[in-house]
Number of protein chains: 2
Amino acid sequence: MQTDLQISRQSATLRVKVEETLRQAIASGRFKPGQRLVERELCEMLGVGRTSVREAMRQLEAEGIITSYPHKGPVVSTITYEEAQQLYTVRALLEGFAGQQFAEHGTAADITTLQAAVVEFEAAAESGVGARLIDAKNAFYNCLMDGSKNVFVRQMLTALHNRINLLRMTTMTQPGRLAHSIAEIKDIANAIQNRNGPLAAAACKFHIDQAAKVALEYLRKNAAPES
Amino acid sequence: MQTDLQISRQSATLRVKVEETLRQAIASGRFKPGQRLVERELCEMLGVGRTSVREAMRQLEAEGIITSYPHKGPVVSTITYEEAQQLYTVRALLEGFAGQQFAEHGTAADITTLQAAVVEFEAAAESGVGARLIDAKNAFYNCLMDGSKNVFVRQMLTALHNRINLLRMTTMTQPGRLAHSIAEIKDIANAIQNRNGPLAAAACKFHIDQAAKVALEYLRKNAAPES
DNA sequence: GATTGACAGATTGTCTGATAATCTTTTTAA
DNA sequence: TTAAAAAGATTATCAGACAATCTGTCAATC
C-alpha cells in the first residue's frame, strides 16, 4: 500500500522548522560562535512566538550547538582547541567503527551507493563548485553512517559533525588537502568493497586523523579565542 | 494522579529540575516504556506550568528517553531487541576507549579514586543493599568516564546509560552475574593501574559484552513487546 | 456486515500578556 | 576611587486563549 505519494506536509510542527532554520543559520555562519541569541530578536526575525523559539532552543542546546546560561540566555557554542582535539578523536573512533561494520555487514546495495558517492565526490572536486563538494561529502558520510547499521552510531556521528561545523573550517579547502582527501576516501571505499573490516577501520581513522591535523594546525595559527 | 513528585523550587531553573525529576522517574520505572506522558497531568503532578514541562520534554526527547509524535504527545521510549544490541555494541566501543585513555593518560589521583570505587563496589555487593550497589556502580562508571579526559565520550556514554536504563534490567541481579561482574571490574582497574591501555580496553569491552549477553538473553526470553 | 462520513471530545501546538527573578549597567554615595 | 543602590534589560515562568489535529462514536450507506 505504501507508495510514494507522500504529501510534502510542510514539516510537522513550527518548532521543528525553527530548529532547522536556526541549525542551518549557525552551520552556514550566519550566526557565529559566541554570538548571543536574543529571544525577542529571533521571534521577530522568524515571525513566530516565544514558545516555538524557546522550545527549539532546548533542542539545539541538547545537540550542543548552542549553550545557554540561566537568566542570560543562549549563545552559539564555541569550541576550544582541546575540545576540537577531543571531537576529532572520538569522531575517528566512531567512524572507524562505522567503516568496519560497513565492511563486515553492509549489503551489496550499500556498497554500490558508496561507490556512487565516491564517484560524485571526485566529479564535484573537479568541478570546483564548493556547494557541490559539500553535498558530495555529506552524501558520502551519510552513506558511511548508514552502513554501520547502528542507529546510535549514526546519531552520535551526526551530532559530532554538527559540532565540528562550528569550527567553520573546511579542511578540504586547505592547499593540497583535497587531493589527499580523495585518495583517502577511495581507500575507505576499496577496503569496504573488499570486505576488509580492519583495513576499512584504519582507513577511516587515518582519514579523520589527517583532517584533524589540518584543522588543529589551522586553529593553532589563527590564534585563540578571546571570547 | 498523586502529587508525590513535588519539586522543591529553588536555585537553578525550574525547567532543569523538571528534567531531573522526570529522568529519575523514568529511570526508576515510575513511568514505563510506552507510557504516554500527558502534559496536563505532568503539570499537576509537578506543580509547574506548561512552559517548564514542555521545555523539559524537548530536552528529554533530544536525549532519546522519550519520543514524541506531533499532536499526540510524548511517550516513554521503547527499545527493541535490535536497538538493545546496538546500544551495547557502541557502549562497549566507547567504554573500551575510555578505559584505554584512562590507562594511558589518567592521573594518579584518578587511579586512586577508581580503586576506591572498586572497594566500595565490593563492599556494596557484600552488604546486599540494592541502592548502595547501584550508587557504587554509578560511581565507578563516572570515574571511568572522567578518566577518558574527553568531554564528548562522557556525554555520549551518559546518554547511552540513560537509554539502557529504559530496559529496566539490572544484569547484576541475574544469578551468579554479580560475582563475575566484580571480577571483571577488578580486571579493569588493575589494567588501568598497570598503565596497560590495550588490556584496559579489552577488559572494559569484555565487561560490557558479558553484561550485554545476560541482558539480551533476558530480553529474548521475556518475549518481545509488540507495542 | 463493513465502510464511510460527520461529529464531539481530548490533547497538543502556538500566541500573547503579565509578573517574578536575575543579570548588567549606570548612578549615587561614602 | 570604590562600594552600594537604582534603573534597565532579558530571561523564566505562569495563565489563558484559540487553532490544529488526533481519536473514538455513531448513524447513513452500500
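By convention in this document, chain letters (A, B, ...) are assigned in the order of the sequence lines, proteins followed by strands, and residues within each chain are numbered from 1.
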Problem - Donor-acceptor pair, side chain of A:Lys32 and main chain of A:Gly29, under 3.5 angstrom - result: yes
Exercise for the section: Please test B:Arg54 against B:Glu39 for salt bridge (Lys or Arg N to Asp or Glu O under 4.0 Å), starting from the C-alpha separation and ending with a verdict. Expected result: CA-CA 8 Å; B:Arg54 288 183 63 85; B:Glu39 207 171 277; 2.7 Å; yes
Between [X] and [Y], a side-chain donor and acceptor under 3.5 Å:
| X | Y | answer |
| --- | --- | --- |
| A:Thr113 | A:Asp110 | no |
| B:Ser68 | B:Glu61 | yes |
| B:Gln100 | B:Glu104 | yes |

Completion exercise
B:Arg132 meets the side-chain hydrogen bond (donor to acceptor under 3.5 Å, both in side chains) criterion, sequence neighbours left out, with B:Glu120
Handout entry: For B:Arg23, side-chain hydrogen bond (donor to acceptor under 3.5 Å, both in side chains) partners two or more places apart
Key = B:Glu63
Round to a whole Å and report the spacing from [atom1] of [X] to [atom2] of [N].
| X | N | atom1 | atom2 | value |
| --- | --- | --- | --- | --- |
| B:Leu14 | C:dA20 | CG | P | 16 Å |
| B:Lys72 | D:dT21 | NZ | C1' | 11 Å |
| A:Tyr69 | C:dT22 | OH | C1' | 17 Å |

Exercise for the section: Begin from the C-alpha positions of B:Arg40 and B:Glu44 and carry the test salt bridge (Lys or Arg N to Asp or Glu O under 4.0 Å) through to its verdict. Expected result: CA-CA 6 Å; B:Arg40 183 179 44 76; B:Glu44 289 170 7; 3.6 Å; yes
Practice task
With the side chain of A:Ser52 defined as its heavy atoms from C-beta on, choose the nearest nucleotide among C:dC15, C:dT12, D:dT13.
Solution key: C:dC15
Handout entry: Residue A:His71, side-chain heavy atoms: nucleotide from C:dC15, C:dT11, D:dT11 that is nearest
Key = D:dT11
Practice task
Give every residue pair that meets the ring-ring contact (aromatic ring centres under 6.0 Å, His included) criterion with at least one member in residues 146-168 of chain B, sequence neighbours excluded.
Solution key: B:Tyr141-B:His161
Fill in the blank from the handout: Whichever of A:Val53 and B:Glu39 has the more 5' nearest nucleotide on DNA chain C, that residue is B:Glu39
Completion exercise
Within residues 40-51 of chain A, those residues having any heavy atom closer than 4.0 Å to DNA chain C are A:Val48, A:Gly49, A:Arg50, A:Thr51
Problem - Strand contacts (DNA chain D) in residues 55-67 of chain B, 4.0 angstrom heavy-atom criterion - result: none
Exercise for the section: For DNA chain D, determine which residues of residues 30-37 of chain A have any heavy atom closer than 4.0 angstrom to one of its atoms, and list them numerically. Expected result: A:Arg36, A:Leu37
Exercise for the section: Step through the shown structure and confirm whether more than 12 heavy atoms of other residues, nucleotides or ligands are within 6.0 Å of NZ on B:Lys149. Expected result: yes
Practice task
Flag yes if more than 12 heavy atoms outside B:Lys137 fall under 6.0 Å of its NZ atom; otherwise flag no.
Solution key: yes
Handout entry: side-chain N/O A:Arg54 vs D:dT11 OP1/OP2, d < 4.0 Å
Key = no
